Amino acid sequence: MDAASLDAVRHLADLGKTVKEIEAELSYPTPHDLVQKTVWERLLENGTILREKPVGTETIEKAEFVREYNAYGKATFRRVVKTEQIDRDPDEYVPCQFGDETQETLKARFQKAGVDEKDAEYVLGLPWEREILYHKKTERMMRILRKLSDEK
């Protein structure tokens, strides 16, 4: 499953695709919950979403698989973990708390505020936790938050 589908899910998540868009592009059937979980983990892993307020430098570990061949030409994969230092500037993130609302409430709120359907799909496709999270200031997230603040 991982090699057949989840690597594609991670790659498409890195490109900013929504869970719905990713599911439409997969050539191997993958359960919705698994796609959603993999996208969420990827956004946490690549720093798009942070659980704690961003400050200073953070060390993260990135795992990748390296293909190696034995003397007979048989391929095997070995997991290699690399550490990386990343500067987290608080001004590059916005606080989000979408996990406190049900999907239906959030969807109605987005419609009322005039949030674009694709932008709403991005937020609604993720399993938000019931706490304040910090999302990188992307064009998409800023459009969503602007529309929601205009609603009030």
Side-chain angles (χ1 to χ4, degrees), residues 1-104 106-107 110 115-147:
M1 178 68 79
D2 197 39
S5 186
L6 298 185
D7 281 343
V9 170
R10 288 183 201 82
H11 173 70
L12 294 170
D14 287 343
L15 296 177
K17 302 273 185 178
T18 66
V19 170
K20 190 174 182 180
E21 290 171 328
I22 292 170
E23 289 173 330
E25 289 194 33
L26 294 177
S27 55
Y28 186 81
T30 309
H32 172 76
D33 291 347
L34 186 56
V35 173
Q36 188 180 48
K37 178 180 180 252
T38 304
V39 170
W40 182 254
E41 288 171 354
R42 185 56 169 199
L43 294 176
L44 289 170
E45 179 183 293
N46 69 17
T48 300
I49 296 175
L50 303 176
R51 286 194 168 104
E52 296 177 10
K53 189 172 185 169
V55 283
T57 306
E58 180 181 340
T59 303
I60 61 167
E61 291 184 349
K62 287 189 175 187
E64 62 181 47
F65 291 91
V66 177
R67 184 184 313 201
E68 297 176 338
Y69 296 92
N70 67 12
Y72 302 103
K74 182 178 179 189
T76 57
F77 293 91
R78 183 171 53 91
R79 185 173 187 258
V80 178
V81 178
K82 297 178 181 178
T83 58
E84 194 175 308
Q85 294 281 0
I86 296 181
D87 286 328
R88 299 285 189 211
D89 182 359
D91 295 335
E92 292 180 16
Y93 288 83
V94 290
C96 299
Q97 200 165 4
F98 296 119
D100 284 347
E101 301 180 56
T102 65
Q103 289 280 313
E104 295 76 30
L106 210 49
K107 191 173 191 176
F110 286 165
V115 174
D116 179 73
E117 190 176 320
K118 288 281 184 200
D119 291 344
E121 189 178 284
Y122 173 75
V123 173
L124 294 168
L126 297 173
W128 293 91
E129 298 166 2
R130 297 187 57 120
E131 60 191 56
I132 296 175
L133 298 168
Y134 298 87
H135 194 287
K136 191 171 262 185
K137 280 186 180 177
T138 60
E139 285 183 42
R140 173 189 284 156
M141 189 52 70
M142 295 312 294
R143 275 193 312 266
I144 293 168
L145 295 176
R146 243 187 323 276
K147 289 282 189 177

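Keep in mind the model is a prediction, meaning the values are calculated, not measured. Counting from 1, the numbers follow the sequence of the chain as shown.
- With hydrogens and angles ignored, the 3.5 Å screen pairs no side-chain donor or acceptor of Glu92 with any backbone N or O of Lys137.
- Between the CG atom of Leu6 and the CG atom of Leu34 there is a distance of 4.5 Å, given to the nearest 0.5 Å.
- Here the options are Arg79, Lys74, Arg78, the test is salt bridge (charged side-chain N to carboxylate O under 4.0 Å, His left out), and the partner is Glu68; only Arg78 passes.
- Arg140 is listed as a side-chain neighbour of Arg143, based on a closest heavy-atom distance under 4.5 Å.
- Applying the 6.0 Å contact sphere to NE2 of His32 captures more than 12 heavy atoms from other residues, nucleotides or ligands.
- Remark: Glu101 CD to Lys107 NZ distance equals 14.5 Å, nearest 0.5 Å.
- Under the 4.5 Å side-chain criterion, counting only non-hydrogen atoms from C-beta, Glu21 is not in contact with Leu12.
- Nearest heavy-atom pair across Val19 and Gly125 is CG2-O, 3.3 Å.
- Glu52 meets the salt bridge (Lys or Arg N to Asp or Glu O under 4.0 Å) test with no other residue; sequence neighbours excluded.
- A side-chain contact (heavy atoms from CB on, under 4.5 Å) with Ile22 is found for exactly one of Val39, Thr30, Thr38, Leu15, namely Val39.
- Considering all non-hydrogen atoms of both residues, Glu131 and Gln97 come closest at O-CG, 3.9 Å.
- Of all heavy-atom pairs between Leu126 and Ile49, the closest is CD1-CD1, 4.4 Å.
- Of all heavy-atom pairs between Asn70 and Tyr72, the closest is OD1-N, 2.9 Å.
- Between Arg51 and Glu129 there is a salt bridge, with a side-chain nitrogen of the basic residue lying less than 4.0 Å from a carboxylate oxygen of the acidic one.
- When all heavy atoms are compared, the tightest approach of Lys53 to Tyr134 is N-CE1, 3.3 Å.
- For the atom pair NZ (Lys62) and OG1 (Thr83), the distance works out to 11.5 Å, reported to the nearest 0.5 Å.
- Every ring-ring contact (aromatic ring centres under 6.0 Å, His included) that Tyr122 has, sequence neighbours left out, goes to His135.
- One distance of note links CG of Asp119 with OG1 of Thr138; it measures 8.5 Å at 0.5 Å rounding.
- Classification of Glu23 and Lys20 as a salt-bridged pair fails, no side-chain N sitting under 4.0 Å from a carboxylate O.
- Between Pro90 and Pro54, the closest heavy-atom pair is CG-O, 3.0 Å.
- With sequence neighbours excluded, the residues satisfying ring-ring contact (aromatic ring centres under 6.0 Å, His included) with Trp128 are Trp40, Phe98.
- To the nearest 0.5 Å, atom OG1 of residue Thr18 and atom CG of residue Leu124 are 10.0 Å apart.
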